[in-house]
Colleague: 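Below you'll find the structure I mean.
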Amino acid sequence: MSGPHVIRGSVSLPEAELMWRFSRSSGPGGQHVNTSDSQVELRFDIAATEALPPVWKERALERLAGRLADGVVTVRASEHRSQWRNRETAAVRLASLLAEATAPPPKPRRPTKIPRGINERRLREKKQRADTKRGRSGRGWG
């Protein structure tokens with residue numbers, strides 16, 4: 001691994017809590033693919049971890065509820081031919097997933113009032129357009 005994968009701020013993924021599993025990647029690849037376990041499956045137990053602050057853990061469990069199996073999130077990587085690069089990809093993917101899941105909720109939108117001038121201009125332009133279209137009809141010519 002190339003070092004600790006930071007989630008956000010000073011919080012990073014603890015290497016001791018990451019569970020790795022390796023298997024053969026699917027798809028074409030010649031003779032090499034039959035002998036190397038390059039696909040990586042990375043598992044992280046969000047429910048049992050002490051690395052995340054309690055608020056973040058609660059947020060992650062709530063937001064990732066559809067992806068969790070008994071509080072464990074799983075990430076797979078098999079894009080690269082080397083196991084090492086797939087490990088890097090899986091760890092980065094897990095860190096970004098947790099960063100997104102633990103992010104604070106966005107501030108609620110404060111509704112703003114449309115300025116009167118803008119509304120009046122819109123209605124004036126609408127009336128002009130209606131007059132233009134009304135003038136195109138053949139009524140009153142004959």
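Position 1 is the first residue of the sequence, and the numbers go up from there.
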Colleague: Taking the side chain as every heavy atom from C-beta outward, state whether R59 and P105 have any pair of such atoms under 4.5 Å apart.
Modeller: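 R59 vs P105: side chains touch.
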Colleague: Just by distance, no angles: are the side chains of E17 and T49 close enough, under 3.5 Å, to form a donor-acceptor pair?
Modeller: yes
Colleague: Verify the neighbour count for atom CG of L123: are there more than 12 heavy atoms of other residues, nucleotides or ligands below 6.0 Å?
Modeller: yes
Colleague: Report the C-alpha distance between L68 and T74 in whole Å, list the side-chain angles of each, state the deciding distance to 0.1 Å, and finish with yes or no for side-chain contact (heavy atoms from CB on, under 4.5 Å).
Modeller: CA-CA 8 Å; L68 298 177; T74 305; over 6 Å; no
Colleague: Would S38 and H80 count as having a side-chain donor-acceptor pair, cut-off 3.5 Å?
Modeller: no
Colleague: According to a 4.5 Å side-chain heavy-atom criterion applied to Ile, Leu, Val, Met, Phe, Trp and Tyr, with indirect links allowed, do L52 and V92 form part of one hydrophobic cluster?
Modeller: no
Colleague: Going only through I, L, V, M, F, W and Y residues with side-chain contacts under 4.5 Å, is there a path from I46 to V11?
Modeller: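 Result: yes, single cluster for both.
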Colleague: Which atom names give the shortest non-hydrogen contact between A95 and V6, and what distance separates them?
Modeller: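 The answer is CB-O, 4.0 Å.
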Colleague: Under 4.5 Å between any side-chain heavy atoms of K113 and P115, yes or no?
Modeller: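 Answer no - side chains too far apart.
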Colleague: Hey, does E125 have a side-chain heavy atom less than 4.5 Å from the side chain of R129?
Modeller: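 Answer no - side chains too far apart.
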Colleague: What is the distance from atom CG of L98 to atom CZ of R63, rounded to the nearest 0.5 Å?
Modeller: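 CZ of R63 is found 12.0 Å from CG of L98.
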Colleague: Mark yes when over 12 heavy atoms from residues, nucleotides or ligands other than E100 sit less than 6.0 Å from its CD; otherwise mark no.
Modeller: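 Incorrect, the count does not exceed 12.
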Colleague: Testing R124, R116, R122 for salt bridge (Lys or Arg N to Asp or Glu O under 4.0 Å) with E120, which one passes?
Modeller: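 Looking at R124, R116, R122, the match for E120 under the salt bridge (Lys or Arg N to Asp or Glu O under 4.0 Å) is R116.
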Colleague: For the side-chain contact (heavy atoms from CB on, under 4.5 Å) test, which of R76, R21, E88, Q83 pairs with V40?
Modeller: Q83
Colleague: Do N86 and R81 have side chains that get closer than 4.5 Å, going by heavy atoms?
Modeller: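 When only atoms from C-beta onward are counted, R81 and N86 do not touch, as no gap falls below 4.5 Å.
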Colleague: Is there a side-chain contact between V72 and F44, using heavy atoms and a 4.5 Å cut-off?
Modeller: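 When only atoms from C-beta onward are counted, F44 and V72 do not touch, as no gap falls below 4.5 Å.
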Colleague: Could you tell me whether R87 sits above the aromatic face of W20, with NZ or CZ closer than 6.0 angstrom to the six-membered ring centre and within 45 degrees of the axis?
Modeller: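 Positive - R87 is close enough to the ring of W20 and near enough to its axis.
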Colleague: Please determine whether a side-chain nitrogen of the Lys or Arg among K57 and E62 lies less than 4.0 Å from a carboxylate oxygen of the Asp or Glu.
Modeller: no
Colleague: Using the side-chain contact (heavy atoms from CB on, under 4.5 Å) rule, pick out the option among I7, L18, T89 that qualifies with L94.
Modeller: L18
Colleague: By salt bridge (charged side-chain N to carboxylate O under 4.0 Å, His left out), which residues pair with R134, not counting sequence neighbours?
Modeller: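 With sequence neighbours excluded, R134 shows a salt bridge (charged side-chain N to carboxylate O under 4.0 Å, His left out) to D131, given in chain and number order.
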Colleague: Mind checking whether R43 and E41 have side chains closer than 4.5 Å, heavy atoms only?
Modeller: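 Side chain of R43 against side chain of E41, heavy atoms only: contact under 4.5 Å found.
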